[in-house]
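Notes for the one structure printed next.
All residue numbers in this chain count up from 1 along the given sequence. Both ligands and their constituent atoms are indexed starting at 1 by order of listing. When reading the values below, keep in mind they use all heavy atoms of this one structure, side chains included, and skip hydrogens, waters and symmetry mates.
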Amino acid sequence: MADQEVPHATFDTILILDFGSQYTHLLTRRLREINVYSEMLPCTQKIADLPFKPKGIILSGGPYSVYEDGAPHADPAVFDLGVPILGICYGLQEIAYRLGKDNVDAGTEREYGHADLHAKRLDDQGHVDKLFAGLEGQIKVWMSHGDKLVKLPTDFHTIATTSNSPYAGIAHQTKPLYGVQFHPEVTHTPLGATILKNFAVDICGAQQNWTMSRFVDQEIARIRKLVGENDHVLGAVSGGVDSTVAAKLMKEAIGDRFHAVLVNNGCMRLNECDIVEETLNKHLGINLTVVDASKRFLDGLKGVSEPEKKRKFIGNTFIDVFEEEAQKIEAEAEHQGAKIKWFLQGTLYPDVIESISFKGPSATIKTHHNVGGLPQRMIDGQGMRLIEPLRELFKDEVRALGRQLGIAHELVMRHPFPGPGIAIRVLGEVTPERVEIARRADHIFISMIREAGLYDQIAQAYAALDPSKAVGVMGDKRVYAEIIILRAVETTDFMTARAFPFDNEFLSRCSTRIINEVHGVSRVLYDISSKPPATIEME
Ligand code: GLN
């Protein structure tokens, strides 16, 4: 069972109901950026089942047409809750359609891209509606719709127009009910954040109190209450920012009743185990056990070159090692009688969003429990419960939390590293020799990126090994050796990414150093593909 308590007790919440737009999660982000706590749920959410009362509700955009059979509609109770509502694009059409089926029609001209919006002057003094306060005059907005409001719903008035959309913004005359045809959440609507702030803060009255220091206090109190006075918590750490921040938070909350375990799977980066031990144990004072299972992993990976098989083997072996470790800790003399009842997992909000976002009338919506590939066998088998203190946070919020907890800048800003490690960057067969080549090349590449002062501009960088070999000539001798592929990407959300534009001279220096210093490499390539269509990792 996952730990489901959420921060609504401390923070006013703006609820986003997701109708399947690709931008829905941006609404959550934009609100949190102005320190208003926000959460997203599928549009099918029953209001009676909500465990909290939101300060306001936003109905998102979506790919459907409100008048189509099977199009998703919000629980009617949404409109009886008595809190302000803002509909965006599909959300606006949903509000209008429920009030009169002939209010919405398939547009003859679709409208995609920029439009100039005029907030309407509502009186002689030139006042505009609260939703557009501070945005008098013309602003640029971004549109993406094919359907259109053709009539004003009864008791509504127009608060903004564009040349194409006479009802680009509407409001109820007496109730706090609003709709906009454009998307304020995307960066192409440069002043969209002001509109969202006007809604959340001025119209809904939500407090702007979502700060990391408040989050730390409430989260530590919550963990203490949840875990109780005697139980112990186990958590895997990898040296990555998520597991380090989660571990530090547990340490602050329950001290030595938290046990961190680092499993060396033989596919870690150069000196990684020592670095993790140094930071977690010495600097952060966390109770850490390092298990060297490298031989077990590398032996099992012999002859395996299919990516999914690699991931499966590594995942299963990891759980085996971890289970053995949990039993050992419970058996240790100093922990006699202690029960490890909780398992810490560094699930982030994007994983949660992925599992709850609305996929359409026919698709099953996954529930919270399926998040993030849980080691389910462990949880079931040992009767442990999951504790997921980062499940409401985006990656940059995890970094802010890390800073708040006093974790060093280099660690907080570290690039993500995949769970299976270098194994999925060694394409083809994973042998100890090939892992070593990838590891050494990676170390040179990352060090050179650091020396050039580029590390923080790059979201993720690494060296991989191509499955084929290539011919080269070294010291007048023919060689037939490995090919290194360097990859470095720029991205903020890891959903889309582009190759980092290094200058050629830098790449040539990387190539020279790698070929000179790593025995068994005959050439170096740079991967220039973006995501999509390529992914950030290779397998
Ligand atoms: N599908 C609806 C339309 O085309 C809503 C689009 C949206 O919400 N972006 O008008």
Lys/Arg-Asp/Glu bridge criterion (N-O < 4.0 Å) met for Glu308, Lys312: no

Close N or O approach (Gly146, ligand 1; < 3.5 Å): yes

Nearest non-hydrogen protein atom, atom 1 (N) of ligand 1: Tyr64 O, 2.6 Å

Polar side chain donor-acceptor pair, His145 to Glu111, under 3.5 angstrom: yes

Row check, Phe417 ring normal vs Arg269 NZ/CZ: under 6.0 Å, within 45°: yes

Close N or O approach (Tyr90, ligand 1; < 3.5 Å): yes

Lys148 and Asp105 ion-paired at < 4.0 Å: no

Atom 6 (C) of ligand 1 [closest protein heavy-atom partner, distance rounded to 0.1 Å]: Gly62 O, 3.2 Å

Per-atom contacts, ligand 1 versus Gly61 - under 4.0 Å to a heavy atom: 8 (O)

Contact check: Cys89 vs ligand 1, nitrogen or oxygen atoms, below 3.5 angstrom: no

Protein contact to atom 10 (O) of ligand 1 [nearest heavy atom, distance to 0.1 Å]: Asp147 N, 2.8 Å

Centroid separation Tyr97 to Tyr67 less than 6.0 Å: no

Geometric cation-pi criterion Arg487 and Tyr462, 6.0 Å radius, 45° cone: no

For His145, atoms of ligand 1 separated by under 4.0 Å from a heavy atom: 3 (C), 4 (O), 10 (O)

Test: Arg32 cationic atom under 6.0 Å from Tyr349 six-membered ring centre, within 45° of axis: yes

Residue pair Glu185 / Trp142, side-chain donor-acceptor N/O under 3.5 Å: no

Heavy atoms of other groups near Arg224 CZ, more than 12 under 6.0 Å: yes

Test of proximity, His183 against ligand 1: N or O pairs below 3.5 Å: yes

Ligand-residue contact atoms, ligand 1 with Pro63, heavy atoms, under 4.0 Å: 1 (N)

Shortest protein heavy-atom distance from atom 9 (N) of ligand 1, along with the residue and atom involved: Ser144 O, 2.9 Å

Close approach of Gln93 to ligand 1, heavy atoms, under 4.0 angstrom: yes

Which segment of Ser21 sits under 4.0 Å of ligand 1 when only heavy atoms are counted: neither

Contact with ligand 1 for Arg110, non-hydrogen, under 4.0 angstrom: no

Separation of Ile203 CD1 from Asp129 CG (nearest 0.5 Å): 6.0 Å

Short N or O distance, Gln181 and ligand 1, threshold 3.5 Å exclusive: no

Under-4.0 Å heavy-atom contact with ligand 1, by part of Phe19 that carries it: neither

